[in-house]
Amino acid sequence: MSQAYDHHAIEAKWQKYWQAHQVFAVNPDTTKPKFYILDMFPYPSGAGLHVGHPKGYIATDVYSRYKRMQGFNVLHPMGWDAFGLPAEQYAIETGTHPRDTTRRNIENFRRQFQSLGMDYDWSREIDTTDPRYVKWTQWIFSKLYECGLAYLAEVPVNWCPALGTVLANEEVQDGKSERGGFPVVRVPMRQWMLRITAYADRLIDDLDLVDWPAPIKKMQRDWVGRSEGASISFEIADHPQHSLEVFTTRPDTVFGATYLVLAPEHSAISTITTAAQHNEVMQYIEEVSRRSDRVRLAEGGEKTGVFTGAFALHPVTNVRLPIWIADYVLATYGTGAIMAVPAHDTRDWDFATKFALPIIEVVAGGDISAGAYVGAGTSINSDFLNGKPTPQAKTHVIEWLEQKGKGKGSVSYKLRDWLFSRQRYWGEPLPVLHLDDGTTKLVPESDLPVLLPELDDFKPTGEFEPPLARAREWVEVTDPETKHKAVRDANTMPQWAGSCWYYLRFCDPKQTEQAWSPEAEQYWMPVDLYVGGAEHAVLHLLYSRFWHKVLYDLGLVHTPEPFKKLLNPGMILGYSYRYYDNNLSDDPHASVTTYPATDVCLDAETSVHRESREELKARWVCAQDVHWKDKDTPCHPTYEGLVLEEVIEKMSKSRGNVVNPDDVIAEYGTDAMRLYEMFMGPLEKGAPWSSDSIPGVHRFLQRAYRLIMGEQEGHSSLSHLIGSTGTSTQARLTAETVRAVTQDIEEMGFNTAISKLMVFVRDITREGPLPRNSAETFVLLLAPFAPHLAEELWACLGHASSLVHEPWPTYDPACLTPSDMTIPLQVNGKLRSKILVPAESSKDDILRLARADEKLLEWLQGQTPRKVIYVENKLVNFVL
RNA sequence: GCGAGAGUGGCGGAACUGGCAGACGCGCGAGAUUUAGGAUCUCGUGGGUAACCGUGGGGGUUCAAGUCCCCCCUCUCGCACCA
C-alpha cells in the first residue's frame, strides 16, 4: 500500500508552480490597502540554516499569506545582510575572496528558504554587498556627514590584536571579543563617530509611537539612559585658573560631598597631581589600563583608588575636599568626575569606608553607619537647604548654583556616540577623502559607490592600519575638484550600516536614480510588522531608528518611526551533551584527563574542578554520537563510563546540537516542519526542538489529505463530497473553525489555530459525509500553515488556479449558535452535575431544570440553598 | 546586586474580562484491522481503592481563584560601578 499523501511530489510541484507563475510578486496597484511585513534579514553564514532559524520566518509567512487572502497588497521581502567578519576570516584562512564565499552562502540560503515554501517576492531580493546597494549606504553616510552627525575623534577603542581590528563596546564581552573570544585591549585611535546622542531624547520619547513589547522598549530606554541632574563646578586650591566639572543626579546632597573622584583617564590629572603623589598616581593609572574588565568583574566591585594630593573647594562652604582618582568613575559618562557623597551613594560609601574618608549625613531617613541611604528624604546639615524635601532641595540648589555661576541643571545619557569605523576589508568603504591640509571631504555623489579594492591578502596588517591601506593605488587619489593629492579613508563601515536602512530599499529595490522613490516610501512605509530576535533589542533597532530619524528630518521619509509593531520569536533550542577536560590549550598531543559535569563547578566565570580547583574546559559530544547507557544516562561514545551532562542551549555547530531543516524536510516534508514549528507553543516562547513530535503533525496532514481525497488509495475520487452545507452540526463546526482560526491568526496564536484545524478534521464527518463547502473552507484555512498540501487539495477540488489570492473564508454568526448547551451545576463551588438545556433557555428555565436534576438533589440532601448563583449560560452554583 | 518574564499531567502546551483545570499534540495502555509499516482506526489516559486531592510553596479576598492581593522559593533572559 503506497502512502496516499506524497509530500515530496506535492511540495516540488507547487514550489515550481509558484515560481513559474510569480504568484508572490508584489502587486503594483497602490490603491489597494498595503501590509508590509518584514523579517530581520539574515547573515548568510557558511553553516546554512538550522531548524532554529525558520521559526520567525515561518510565522511571518503564515501571517503574510493570511493577509494576502484578506485582500491586502502584501510586501514580504527577503535579503542578505552579507558583509561581515566570518567571510573575511574564511578569506584569511583560505584565500577565497569574501565575495565568492558570500555568493555561495547566499545561494544555499535562498535554496533553503525556497524549500521551506516561503512566499517571498524574490524579484525584490537585496544583498547589502551589492554595489547598487552599497552606493546608497554610502549616500546616507554622506547625508549624516553633511548634517554634522559624522565626525572624526581620537577615542579609546577596543583593539583586538588577534582579529586585527577595533571592536564596538557591544562586541566585547568580559574583556574578550564576542566572536572568537580573543583578548581585547583599550588603545586611543582616530575614528569615525556618529552623533547618535543628538537624538537621545527622541529615541526615548518616540517609543510611545510604536507597538513593541514592553521589555524591548524598556531596554532601549535604559540603553539611552537619560538622567537629569546638575553639573557643578569646583575650583581647585592652588590652581586658580582650573576648575573641575562634575555631574550629579543628586545636587541636593552637595553639602554631603566630602571628596572628589576623577576617572583615571581624566585630562586634569597631570595638572593637579602634586609632586609627592606623582609616582603613586602614575602607577595606579598604569595598573588600571592593564586591568581588563574581566579582572575587575572578578574582584566583585572592590574599590581601588589613589589620592592626587590636590584639593577642590566646596562651591558653597569653601571647605577643602581631597581629589582622588578611582576606576569606579567612568571617563565616558557625565564629565568623568564626580563629587562623592558617601552618606547617600553606595559606591562612594564603600570607597570612603575603605579609605577612611569622612561621611556626612545630609538627607534624613537612613542609618549612615550601616550603609549609604540613597532614598529621598528631608535635607539636614545643609545650610539653606535644611528642612526641604529632596525634589525641592534639588530645584533650589540648582537655582542657587546658576545664580552664582557655579553650576547648572543638566542632563546626562548613558548612550554614547556610535563608533562607526572598522579596520576590516569586507564592509562598505567610507566615502571620504583626506586632504593634505588635514581636512576631510566627501566623495561626490556622482562617484559613488566607492568600491572595495581587490586584494590578494586579506590578513589584518596587525598594525593600527586597516587592510584597505595596503591597496596603495586605491588609497592615493586626486581630489576631483582641486586636483590636489588626497587619500581615501581606508576604514569600512560596521555591519550595522547595511541593516540600518534595508527596509527602505525593499520598498523600491531596483531604483537606480535614488535610494528609493518618494512614492514607494509613501505607500509602503512604515513596516507594519517586524519580526526578529530579541538579541537585536538595542543595537540594530536603536541604530536604524536613529538613521530613520535623520532621514525624517531631511524629509526623505514620512514617518518618525520605521517599525510599527515588533515581535520577538522565541529561540528554538537543542539538547547538547557536555563534559570537561584539562586540555586548556587544545593541544592534540597532550595527555588529557576528562571529568563529568558533576566534578566541576564555576569559579566566577571559569570552570574548575570541585576539589583540586584545576581549571577545566567544557567539551561537547555531538548529539548523534551520544551513547545511551539507558534512557536517562547519556555517555561518551569512546571514553568508557564518562557520563555526559544534558544541557538545553542555543543551537550551534560547536555544541553539536544542530538539526538541519533539509533532513527534516526530506523525511516529513516542509508542511509538516512548518506545522510543527508553529504548533510547538507560543511564538514568543523558546523551546527545545524535539523531533519526536513531528510524526504527530505529519499524521494530521495525512488525515486532512484523506478527508478531502477520500479513503480510496491510488486515485482521487471526490465522489464522497456532498453538495449542500451538511447538517447543522457540520455547519456550526465549520463556522466555528473559521471564527477561531481567524482570531488566533490575528493574535499570532498559531499553536491554538492548528489545534482547531485538528479538531475540525477529527469531527467534521462524525455525523455524515463531508460537505463541499466545509471542505473548501478548511483547505483555505489550512493554506497559510501547510501551503503545499492546501494548494494540492484546492486543485483536486476542481480549482484551476492557485488559492494564494482566494478570499479568506467568512462565516455566518447565526450558524454558531448551538441548539443546546451543557450547564454545569455546582454545590458550594464544586462541580456536582451537568444538565443539557435548549440554547434559548431563560434563567428561570435553567434553574427549574437544575433543581429537578437527580444528581444535584442527592448533593443538596433536602436542604434549601442559602444562595443560588447563576452565571448566564455558563453555570449554576448552589450555596448551602 | 538591579530589572523583566515564567513555574499547570510522563512531555510540548490549552484555559477571553475570576465561572466545568488539563483543549490539541506527543508518549503510554487496551482493542480492531492487518502482517514487514516510523501504517490506519476506535476507546482510554492528572493522582488516589475511595471519600477526596490537585496549576512552584504559604497565607488571604470570593458563592467561585491557574487567573485578584500579600509573603517566600526556583528557573530563564537582559543590565551590570552610568554618579
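Values below: all heavy atoms of this structure, side chains included; hydrogens, waters and symmetry mates excluded. Not measured: the values here are computed from a predicted model. Sequence lines set the chain letters: A, B, ... in the order given, protein chains first and strands last, and positions in each chain run from 1.
Atom CD of A/E265 and atom C1' of B/C81 are 14 Å apart (whole Å). Taking atom CD on A/Q702 and atom C1' on B/C41, their separation rounds to 13 Å, with Å as the unit. Atom pair A/I572:CD1 and B/G12:P shows a separation of 15 Å (rounding to whole Å applied). Here B/C11 presents its P atom at 17 Å from CZ of A/F679, a figure rounded to the nearest Å. Put simply, CG on A/L675 is 14 Å from C1' on B/C26, counting in whole angstrom units. The separation between A/L875 atom CG and B/A21 atom P is 9 Å, rounded to whole Å. Following rounding to the nearest Å, A/E684 (CD) and B/A6 (C1') show an atom-to-atom distance of 13 Å. In this structure, the NZ atom of A/K414 is 10 Å from the P atom of B/C79, given to the nearest Å.
Pairing each heavy atom of A/N568 with each of A/G532, the nearest pair is ND2-O, 2.9 Å.
Ranking B/U40, B/C20, B/G13 by closeness to the A/K834 side chain, first place goes to B/C20. Which of B/C53, B/C43, B/C24 sits closest to the side chain of A/R766 comes down to B/C43. Picking from B/C81, B/G13, B/G25 the nucleotide with the shortest atom distance to the side chain of A/P682 gives B/G13. Among the nucleotides B/G19, B/C24, B/G13, the one closest to any side-chain atom of A/A687 is B/G13. Set against B/C24, B/C43, B/A83, the side chain of A/V759 has B/C24 as its closest nucleotide. In the set B/C24, B/G3, B/U40, the nucleotide with an atom closest to the side chain of A/R699 is B/U40. Distance from the side chain of A/N751 is smallest to B/A14 among B/A83, B/A14, B/C63. Considering only side-chain atoms of A/V879, the nucleotide from B/C41, B/C63, B/A83 that sits closest is B/C63. The A/N877 side chain lies nearest to B/A64 when the options are B/A83, B/A64, B/C53. Taking the side chain of A/M758 as heavy atoms from C-beta on, and the options B/A23, B/G25, B/C26, the nearest nucleotide is B/G25.
With its glycosidic angle within 90° of 0, B/G9 adopts the syn conformation.
Along RNA chain B, the nucleotide closest to A/L831 and the one closest to A/A263 are compared, and the more 5′ of them pairs with A/L831. For A/R762 and A/E667, each mapped to the nucleotide of RNA chain B holding its nearest heavy atom, the one lying further toward the 5' end belongs to A/R762.
Proximity of A/K685 to the phosphate of B/G13: a side-chain N or O atom is located under 4.0 Å from OP1 or OP2. Of the side-chain N and O atoms in A/R703, one or more sit less than 4.0 angstrom from OP1 or OP2 of B/C41. Contact check, A/R706 against B/C41: a side-chain N or O comes under 4.0 Å of OP1 or OP2. An OP1 or OP2 oxygen of B/A23 is reached within less than 4.0 angstrom by no side-chain nitrogen or oxygen of A/T752.
With both ends at atom C1', the span from B/A51 to B/G25 equals 34 Å, rounded to whole Å. Here, B/C26 and B/G13 have their P atoms 16 Å apart, quoted to the whole Å. Here the separation of B/U42 from B/U8, taken at their C1' atoms, is 29 Å to the nearest Å. Between B/G60 and B/U67, the two P atoms lie 15 Å apart (nearest whole Å). Distance check on atom C1': B/A21 versus B/A65 gives 11 Å, rounded to whole Å.
Cation-pi contact between A/K303 and A/Y328: present, with separation from the ring centre below 6.0 Å and deviation from the ring axis of at most 45°.
Counting non-hydrogen atoms under 4.0 angstrom, A/G334 reaches nothing in the nucleic acid. Residue-level contact check: A/P215 touches the backbone only, with heavy atoms under 4.0 Å from sugar-phosphate atoms and none from bases. Across all strands shown, A/V868 has no heavy atoms under 4.0 Å from either base or sugar-phosphate atoms. Residue contacts shown for A/S227 are limited to sugar-phosphate atoms, with no base heavy atom under 4.0 Å away. The residue A/W349 sits apart from the nucleic acid: no heavy atom pair falls under 4.0 Å.
Residues A/Y333 and A/S227 bring a donor and an acceptor atom of their side chains to less than 3.5 Å of each other. Defined by atom type and a distance below 3.5 Å, a donor-acceptor pair is missing between the side-chain atoms of A/Y870 and A/N877. Side-chain contact of A/Y811 with A/R739: a donor-acceptor pair under 3.5 Å is absent, judged by distance alone.
In this structure B/U40 sits in a base pair with B/A32, meeting the Watson-Crick or G-U test at under 3.5 Å. Across all strands shown, B/U55 has no partner, as no Watson-Crick or G-U wobble contact with both distances under 3.5 Å is found. In this structure, B/U62 makes no Watson-Crick or G-U wobble pair, since no nucleotide meets both defining distances under 3.5 angstrom. When Watson-Crick and G-U wobble pairs are counted only if both distances are under 3.5 Å, B/U49 pairs with no nucleotide at all. Using N1 to N3 plus N6-O4 or O6-N4 for Watson-Crick, or N1-O2 and O6-N3 for G-U wobble, each under 3.5 Å, B/C16 pairs with nothing. With a cut-off of 3.5 Å on both Watson-Crick or G-U wobble distances, the partner of B/C2 is given as B/G78.
A salt bridge links A/E645 with A/R578: the distance from a Lys NZ or Arg NE/NH1/NH2 to an Asp or Glu carboxylate oxygen falls below 4.0 Å.
Rounded to the nearest 0.5 Å, atoms CG (A/D211) and CG (A/L566) are 9.0 Å apart.
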Pair A/D222-A/K218, salt bridge (charged side-chain N to carboxylate O under 4.0 Å, His left out): steps then yes or no: CA-CA 6 Å; A/D222 291 350; A/K218 192 176 177 323; 2.8 Å; yes

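Donor-acceptor pairing under 3.5 Å, judged by distance alone, is present between the side chain of A/K303 and the base of B/C81. Judged by distance alone, with hydrogens and angles left aside, A/Y668 brings a side-chain donor or acceptor within reach of the base of B/G38, the pair sitting under 3.5 Å.
Between A/H344 and A/Y373, the ring planes lie perpendicular to each other; the angle is over 60°, past the 30° to 60° tilted range.
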